[in-house]
Amino acid sequence: MNTMDPRPLYARAAAQIASLIATVRPERLESPTPCAEFDVRLLLSHMVGGTRRIAVIGAGGDGLALPPFADGVPDDGWSAAYDEARDRVRAGWADDARLDATVRAPWGEVPGRIALAGYVMEAVTHTWDLSEALGQPLGLDPELAEFALTIAGRVLPDEGREDPELPFGAVAPTPEGADAYGRLAAWTGRRPLVTA
């Protein structure tokens with residue numbers, strides 16, 4: 001983990017998100033998601049907002065000064081907003097030195113590579129949320145889920161999740177035969193909305 005470069009995995013996760021966002025139809029924007037407090041529109045807002053934050057962190061700024069949600073995006077503008085934000089991530093993290101620089105993430109001051117790996121976990125987890133809300137329109141990359149699950153197991157212990165500031169509930173039961181996304185969802189306290 002100390003020397004891994006999470007940028008290629010982040011790029012793959014972002015490409016997967018972009019493909020999934022492109023499937024969102026306007027009538028689905030108010031659909032529920034596995035995050036009980038988010039409908040699809042608010043989840044998209046959070047995904048764009050979080051992407052903007054990690055872009056600023058990569059560029060050496062204070063990403064936490066940005067709101068975690070993107071306001072003012074029109075209903076037909078989510079793909080463009082996300083594409084613009086992920087382009088900023090690519091540019092912000094282009095310098096290899098950013099991987100070892102100490103940065104401030106929501107969970108504290110860490111090396112850049114750890115912060116970006118944490119954002120891979122968040123992005124992949126929210127990808128599952130969005131996929132569930134949309135009825136699983138695309139196949140998802142299992143390697144990304146395995147990586148995110150590894151990170152989640154390291155940074156998100158089973159204990160102590162009663163903190164209301166923590167955006168993850170208690171570990172949910174893992175459905176029988178669950179793939180890596182199902183195991184990740186369960187570890188982060190989520191339950192499926194749809195079943196195969």
Side-chain angles (χ1 to χ4, degrees), residues 6-94 98 103-107 112 114-138 140-141 144-145 147-148 151-152 165-168 181 184-185 188-190 193:
R7 292 175 297 186
L9 285 169
Y10 188 92
R12 282 171 51 193
Q16 179 170 259
I17 290 170
S19 295
L20 192 55
I21 291 174
T23 73
V24 177
R25 297 184 315 276
E27 63 270 19
R28 297 306 296 264
L29 290 170
E30 294 179 11
S31 296
T33 75
C35 292
E37 65 275 16
F38 291 177
D39 62 9
V40 168
R41 182 182 287 110
L42 192 56
L43 178 58
L44 292 171
S45 173
H46 181 56
M47 292 170 86
V48 172
T51 305
R52 289 175 177 172
R53 279 181 154 195
I54 194 62
V56 170
I57 290 169
D62 181 6
L64 302 189
L66 296 179
F69 295 92
D71 293 327
V73 178
D75 284 350
D76 63 354
W78 291 110
S79 283
Y82 186 77
D83 287 343
E84 184 273 334
R86 76 178 173 136
D87 286 346
R88 289 177 54 199
V89 171
R90 191 177 307 115
W93 288 91
R98 296 302 300 153
V103 302
R104 192 163 72 95
W107 51 89
I114 303 299
L116 190 55
Y119 273 89
V120 172
M121 181 197 83
E122 179 178 1
V124 172
T125 302
H126 286 318
T127 299
W128 181 85
D129 293 332
L130 183 58
S131 178
E132 285 291 298
L134 300 175
Q136 303 173 349
L138 303 175
L140 300 179
D141 183 336
L144 291 173
F147 176 80
I151 299 299
E165 295 298 310
L166 191 65
F168 302 101
Y181 281 91
L184 175 64
T188 57
R190 290 156 162 78
L193 288 178

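Quick note: numbers below take in every heavy atom, side chains included, and nothing from hydrogens, waters or symmetry partners. Counting from 1, the numbers follow the sequence of the chain as shown.
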Strictly distance-based, threshold 3.5 Å: is any side-chain N or O of [X] a donor or acceptor partner for the main-chain N or O of [Y]?
X	Y	answer
R190	T188	yes
S19	A15	yes
R52	E84	no
S45	A70	yes

- Under 6.0 Å from the CD atom of E27, do we count more than 12 heavy atoms belonging to anything else shown?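 Enclosed.
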Smallest separation among heavy atoms of [X] and [Y], with atom names:
X	Y	answer
P34	D129	CD-O, 3.3 Å
W93	G112	CH2-O, 3.4 Å
A85	V48	CB-O, 4.3 Å
T127	L20	O-CD2, 3.5 Å
F147	A117	CZ-CB, 4.0 Å
R28	G135	NH2-N, 4.2 Å

Side-chain heavy-atom pair [X], [Y] within 4.5 angstrom cut-off:
X	Y	answer
R90	D87	yes
Y10	T51	yes
L184	W128	no
L144	L9	yes
L64	R53	yes
I21	L130	yes
W78	V24	no

- Task: Kindly assign one of parallel, tilted or perpendicular to the pair H126 and H46, based on the angle between their ring planes and the thresholds 30° and 60°.
- Result: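 Perpendicular, since the angle between the ring planes exceeds 60°.
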- Query: Parallel under 30°, tilted from 30 to 60°, perpendicular over 60°: which one fits the rings of F69 and F38?
  - Reply: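 Ring orientation of F69 relative to F38: perpendicular.
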- Item | V89/R7 under side-chain contact (heavy atoms from CB on, under 4.5 Å): CA gap, chis, key distance, verdict | CA-CA 9 Å; V89 171; R7 292 175 297 186; over 6 Å; no
- Task: Check the pair R98 / V103 against side-chain contact (heavy atoms from CB on, under 4.5 Å), numbers first and verdict last.
- Result: CA-CA 9 Å; R98 296 302 300 153; V103 302; 3.4 Å; yes
Interatomic distance, [X] atom [atom1] to [Y] atom [atom2] [nearest 0.5 angstrom]:
X	Y	atom1	atom2	value
R25	D76	CZ	CG	15.5 Å
M47	E122	CE	CD	9.0 Å
I54	L66	CD1	CG	11.0 Å

- Message: Does L44 form a side-chain contact (heavy atoms from CB on, under 4.5 Å) with R41? I'd like the steps, not just the answer.
- Response: CA-CA 5 Å; L44 292 171; R41 182 182 287 110; 5.7 Å; no
